[in-house]
Amino acid sequence: MKQFIAFTKKEILEQIRSGKLFIILIIFIVVGIMNPAITKLTPWIMDLLSDQLREAGMALPEIRVDAMTSWAQFYKNMPMAFIAFMIFFSGTFIVEFQHKTLINMITKGMVRYKIIYSKMLVITVLWTVGFWVCYGITYGYNAYLWDNTIVNHLFSSAGMYWLCCVWIISVIPLASALFHSLGACLLMEAAAVLVPYLLQMIPKLSNYMPTHLMDSVNLLIDAAKPDDYLWAAVIAIGLIIINMILAIVVFNKKEL
């Protein structure tokens, strides 16, 4: 346990020293502010363009925005923040392999599976902090500017999206154990999302695919119920466990 705690502290300090922690926080804070800001400014921007559009023979209907509009913007912007997050942290193992920094730790008695657990824990915690900071900022502005009570299942919807992203993050240790290239890792992570996304197009399988959790925005408009995502959540958790087990098996056999 001492080894695990010590390695985890090292990982956290590394994220702070490299500046990744602050960059990721800035990205999520900016996205959190952007969601209500874009929503609030949209009617004003459309009003500025309305005269030009009328001259072109186009008429704009009156645009009304509320908390629902802002939350829809939250789910539109979150994929960009998550892609940036994945690009930042997909190479966390690759750097260790290239610089052979893990050899000294392992020769000193560090058990390999603790390295996998520690890095996965740190990445997941950083994603969790970033995601919920963004969520909290959007929630606060929406409560101040409009009324969040008009939106259904706010926390459940966000929780489903968060879990889906944790599943994608769990591919990082496995991809890193298999490949020494950041590009190859990113391709594997993309494939891990693409396959269930395509299978989701089959009606009988759609509710069982972990990518179905990204459709949790439907909860906001009461077009779905939390129970509709139960199997997708269970399978996502199962895949997280499987990815971690496979990552440990591959990493244990890997020459450093």
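We use all heavy atoms of the structure for the numbers below, so side chains are in, but hydrogens, waters and symmetry mates are not. This one's a predicted model, so the numbers in the text were calculated from it and none came from an experiment.
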- request: Please answer whether the main-chain N or O of L213 pairs with a side-chain N or O of S216 as donor and acceptor at a distance below 3.5 Å.
  value: yes
task: Over all heavy atoms of both residues, which pair between V217 and Y75 is shortest? Give the atoms and the distance, please.
output: CG2-CD1, 3.8 Å
message: Do I16 and F22 have side chains that approach each other closer than 4.5 Å (heavy atoms only, starting at C-beta)?
response: yes
Closest approach of E189 to V171 (non-hydrogen atoms, all atoms of both residues): CG-CG1, 3.9 Å
- request: Look at the side chain of S70 and the backbone N and O of A67, then say whether any donor-acceptor pair between them is shorter than 3.5 Å.
  value: no
message: I'd like to know if I221 and Y161 are part of one continuous hydrophobic network [Ile/Leu/Val/Met/Phe/Trp/Tyr, side-chain heavy atoms within less than 4.5 Å].
response: yes
statement: Taken to the nearest 0.5 Å, the spacing of T138 OG1 from N35 CG works out to 4.0 Å
field: Closest heavy-atom pair and its distance - Q200, S206
entry: O-CB, 3.1 Å
message: Between N252 and I248 (side chain of the first, backbone of the second, donor and acceptor by atom type, cut-off under 3.5 Å), is there such a pair?
response: yes
- request: Check the hydrophobic clustering (I, L, V, M, F, W, Y; side-chain heavy atoms under 4.5 Å; chains of links allowed) and say if V129 and F88 are grouped together.
  value: yes
- line: dist I38:CD1 -> Q73:CD (nearest 0.5 Å) comes out at 4.5 Å
query: Has the side chain of R112 got a donor or acceptor atom that lies under 3.5 Å from a matching backbone atom of F251?
result: yes
- request: Measure from the side-chain N and O atoms of N148 to the backbone N and O of Y139, and report whether any donor-acceptor pair falls under 3.5 Å.
  value: yes
- prompt: Is there a donor-acceptor pair closer than 3.5 Å between any side-chain N or O of S90 and the backbone N or O of M86?
  reply: yes
field: Y229 side chain reached by H212 side chain, heavy atoms, under 4.5 Å
entry: yes
- prompt: Taking the side chain as C-beta and beyond, is there a heavy-atom pair between I24 and L126 under 4.5 Å?
  reply: no
field: Side-chain donor or acceptor of N218 paired with backbone N/O of D215 under 3.5 Å
entry: yes
- prompt: Just by distance, do the side chain of T69 and the backbone of D66 share a donor-acceptor pair under 3.5 Å?
  reply: yes
- request: May I ask you to decide if I115's main-chain N or O and S118's side chain share a donor-acceptor pair within less than 3.5 Å?
  value: no
For I172 against F89, the heavy-atom pair lying closest together: CG2-O, 3.9 Å
- prompt: Where do C164 and P210 come nearest, in terms of heavy atoms and distance?
  reply: SG-O, 3.5 Å
- request: Using a 4.5 Å cut-off on heavy atoms from C-beta on, say whether the side chain of M34 contacts that of N77.
  value: yes
message: Membership question, hydrophobic clusters at under 4.5 Å side-chain separation (ILVMFWY): are Y135 and M80 in the same one?
response: no
task: Output the distance between atom CH2 (W167) and atom CE (M214), rounded to the nearest 0.5 Å.
output: 7.0 Å
Co-membership, hydrophobic cluster, residues L198 and I202, 4.5 Å side-chain: no
field: Beyond-backbone contact of Y113 with M244, side-chain heavy atoms, under 4.5 angstrom
entry: no
message: Tell me if the centroids of the rings in F155 and W132 come within less than 6.0 Å of each other.
response: yes
task: May I ask you to check whether W127 and F82 place their ring centers less than 6.0 Å from one another?
output: yes
query: N243 side chain to I240 main-chain N or O, any donor-acceptor pair under 3.5 Å?
result: no
message: Can a side-chain donor-acceptor contact be found between T128 and W162 if the only test is distance below 3.5 angstrom?
response: yes
Nearest non-hydrogen partners of C134 and V31, listed with the distance: SG-CG1, 3.7 Å
message: Could you measure the distance from the SG atom of C165 to the CD1 atom of I169? Nearest 0.5 Å is fine.
response: 6.5 Å
